[in-house]
Amino acid sequence: MAVQALDASRAPIDWQKFALPAVLIVVAYGLIPAYASSYLVEAILLPFLALSLAAVGLNLLTGYCGQLSLGSSAFMAVGAFAAYNFNLRVEGLPLAVTMILAGISAAGIGVVFGLPSLRLRGFYLAVSTLAAQFFVQWALTKFGWFSNDNPSGVISAPRMAVAGFSLDGATGRYLLSVTAVIALTALVWRLVNSATGRNFIAVRDNETAARVIGVPVLRTKLLAFAISSFIIGVAGVLWAFTYLRTVEPAGFNLDRSFQILFIIIIGGLASIRGAFLGAAFIVVFPLFLSRFGAFVFGGLFDSGVLDMSQRIVLGALIIIFLIAEPNGLSALFDRLKRRIGSRSS
């Protein structure tokens, strides 16, 4: 009887929650490596994965903890250049350890530039994080040690291998990226559903109330900056090593920080899924506009005019979309899912 009562008290397993992740894993590790073209991997999937991971990191800080930051590109740069130097100066260092150390380096810088969050909020905090953007880019350009004394400050991806298997090809770099993204996204999902995640949300909603109920506000803010910067630093490694393969400090400029911020706004704040939806929109839609513009106008306009036209159209669509759906693509996805479910029932 006791066993029967215990079995009855157990909540039934909702297998539908595991269906979509299982399908995505099969596609990510089975279908894409086997059938995806080199163009699809290198021009779309690799930048999508790197930007998605950076957006997950920023969404943890801004969406869940409410700390607005414009220094994401700086933390990506720290991760990329730290990984380059760890690999260059420590012989035999495993690739996974290199990426972890790069993330820790970015986390350290993130904590330093997150200290103003103890006194500043909102727009003033966002402006203060610009210091990270300008300082990091200046330091990487000023001191040649970071780029191994390359006059142009450019770094190139080293040979990448795990357990003797080369990852320098398109498929190998994709597998490295997707594995890192899945692992860190799973950790973030676990974090936001823990007591720490609830502390983040409490600080975001009302710092005074959070302090009253016993949430360590100052420590929570710095922890959010550290974890967010760690994730964004690893994203910088993926951006430099698996996608671009060669990068300079100017490649991590303020435009990249705004791009990551736009991703989480378009995808939806405080939504891990929104980071991926927003990154997909930012990566794929400009390519679609480029192909569409070339098809419609042909050689009527030069590439500069077409590129500026793409920016104008993309910006206008973002504004229209945010007016129509301020909670982002994630909320739109949930609405469509509810409608489909109501019709099927």
Side-chain angles (χ1 to χ4, degrees), residues 33 41-42 45-54 56-57 71-112 132 135-185 187 226-253 256 260:
V41 172
E42 298 201 38
L45 292 179
L46 290 178
F48 162 73
L49 289 169
L51 291 176
S52 296
L53 186 59
V56 168
S72 302
S73 184
F75 305 136
M76 289 181 72
V78 171
F81 278 80
Y84 171 79
N85 280 279
F86 279 122
N87 182 83
L88 177 69
R89 305 180 194 283
V90 183
E91 186 176 356
L93 192 66
L95 180 59
V97 177
T98 300
M99 296 175 68
I100 292 173
L101 292 176
I104 293 173
S105 301
I109 300 297
V111 169
V112 171
F135 174 79
V136 168
Q137 193 167 353
W138 170 81
L140 295 177
T141 305
K142 178 69 174 179
F143 302 102
W145 182 88
F146 292 112
S147 58
N148 199 27
D149 294 319
N150 188 323
S152 61
V154 175
I155 61 173
S156 298
R159 179 182 177 273
M160 296 186 295
V162 174
F165 294 97
S166 175
L167 300 177
D168 290 326
T171 301
R173 287 181 278 126
Y174 162 76
L175 290 174
L176 172 64
S177 296
V178 76
T179 301
V181 170
I182 289 175
L184 288 176
T185 302
L187 290 175
I227 299 175
S228 171
S229 301
F230 177 92
I231 296 169
I232 296 175
V234 175
V237 179
L238 299 182
W239 184 262
F241 282 14
T242 66
Y243 172 48
L244 293 180
R245 305 289 287 162
T246 300
V247 68
E248 59 181 342
F252 297 101
N253 55 18
R256 188 74 57 212
I260 300 169

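Just so it is clear, the values below take in all heavy atoms, side chains as well, and ignore hydrogens, waters and symmetry mates.
- Looking at residues two or more places apart in sequence or on another chain, you find a side-chain contact (heavy atoms from CB on, under 4.5 Å) between Ile182 and Tyr29, Val178.
- In this structure, CG on Leu238 lies 9.0 Å from CG on Leu46, to the nearest 0.5 angstrom.
- Two residues are said to be in side-chain contact when any heavy atoms from C-beta on lie closer than 4.5 Å; Phe241 and Pro158 meet this criterion.
- Applying the salt bridge (Lys or Arg N to Asp or Glu O under 4.0 Å) definition to pairs two or more places apart or across chains, those involving residues 164-176 are Glu42-Arg173, Asp168-Arg245.
- The salt bridge (Lys or Arg N to Asp or Glu O under 4.0 Å) pairs that include a residue from residues 142-164 number zero, where partners must be two or more places apart or lie in different chains.
- The side-chain contact (heavy atoms from CB on, under 4.5 Å) check on Ser156 picks up Thr246, with sequence neighbours excluded.
- Applying the ring-ring contact (aromatic ring centres under 6.0 Å, His included) test to Phe48 and every residue at least two apart in sequence or in another chain returns nothing.
- Atom CD1 of Ile109 is separated from atom CD1 of Ile232 by 13.5 Å, given to the nearest 0.5 angstrom.
- Side-chain contact check for Val247 versus Ile155: some heavy-atom pair is nearer than 4.5 Å.
- Taking 4.5 Å as the limit, some side-chain heavy atom of Leu176 sits within range of a side-chain heavy atom of Leu95.
- By the side-chain contact (heavy atoms from CB on, under 4.5 Å) test, Val112 pairs with no residue at all, sequence neighbours left out.
- Note on residues 228-244: pairs passing side chain to side chain donor-acceptor pair (under 3.5 Å), not counting sequence neighbours, are Ser177-Thr242.
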Would you be so kind as to tabulate the donor-acceptor pairs closer than 3.5 Å made by side chains of residues 73-89, with sequence neighbours excluded?
{"unit_1": "Ser73", "atom_1": "OG", "unit_2": "Phe252", "atom_2": "O", "d": "3.0"}
{"unit_1": "Ser73", "atom_1": "OG", "unit_2": "Asn253", "atom_2": "N", "d": "3.4"}
{"unit_1": "Ser73", "atom_1": "OG", "unit_2": "Asn253", "atom_2": "O", "d": "3.0"}
{"unit_1": "Asn85", "atom_1": "OD1", "unit_2": "Arg89", "atom_2": "NE", "d": "2.9"}
{"unit_1": "Asn85", "atom_1": "OD1", "unit_2": "Arg89", "atom_2": "NH2", "d": "3.0"}
{"unit_1": "Asn85", "atom_1": "ND2", "unit_2": "Phe81", "atom_2": "O", "d": "2.8"}
{"unit_1": "Asn85", "atom_1": "ND2", "unit_2": "Phe146", "atom_2": "O", "d": "2.9"}
{"unit_1": "Arg89", "atom_1": "NH2", "unit_2": "Trp145", "atom_2": "O", "d": "2.8"}

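- With sequence neighbours excluded, no residue satisfies salt bridge (charged side-chain N to carboxylate O under 4.0 Å, His left out) with Glu248.
- The shortest distance between side-chain heavy atoms of Leu187 and Ile231 does not fall below 4.5 Å.
- The side chain to side chain donor-acceptor pair (under 3.5 Å) search around Asn148 returns none, not counting sequence neighbours.
- Closest heavy-atom contact between Ser147 and Gly153: OG-CA, 3.6 Å.
- Distance check: Ile100 CD1 to Ser105 OG gives 12.0 Å after rounding to the nearest 0.5 Å.
- Nearest heavy-atom pair across Ala54 and Ala235 is N-CB, 3.5 Å.
- Nearest heavy-atom pair across Val97 and Leu93 is CG1-CD1, 3.7 Å.
- Residue pairs that meet the salt bridge (Lys or Arg N to Asp or Glu O under 4.0 Å) test with at least one member in residues 97-106, sequence neighbours left out, do not exist here.
- Listed here is the closest heavy atom pair of Leu140 and Pro249: CB-CG, 3.8 Å.
- When all heavy atoms of Ser72 and Ile260 are compared, the closest pair comes out as CB-CD1, 3.8 Å.
- Closest heavy-atom contact between Met99 and Ala180: CE-CB, 4.1 Å.
- Put simply, the side chain of Val56 does not reach to within 4.5 Å of the side chain of Leu184, judged on heavy atoms.
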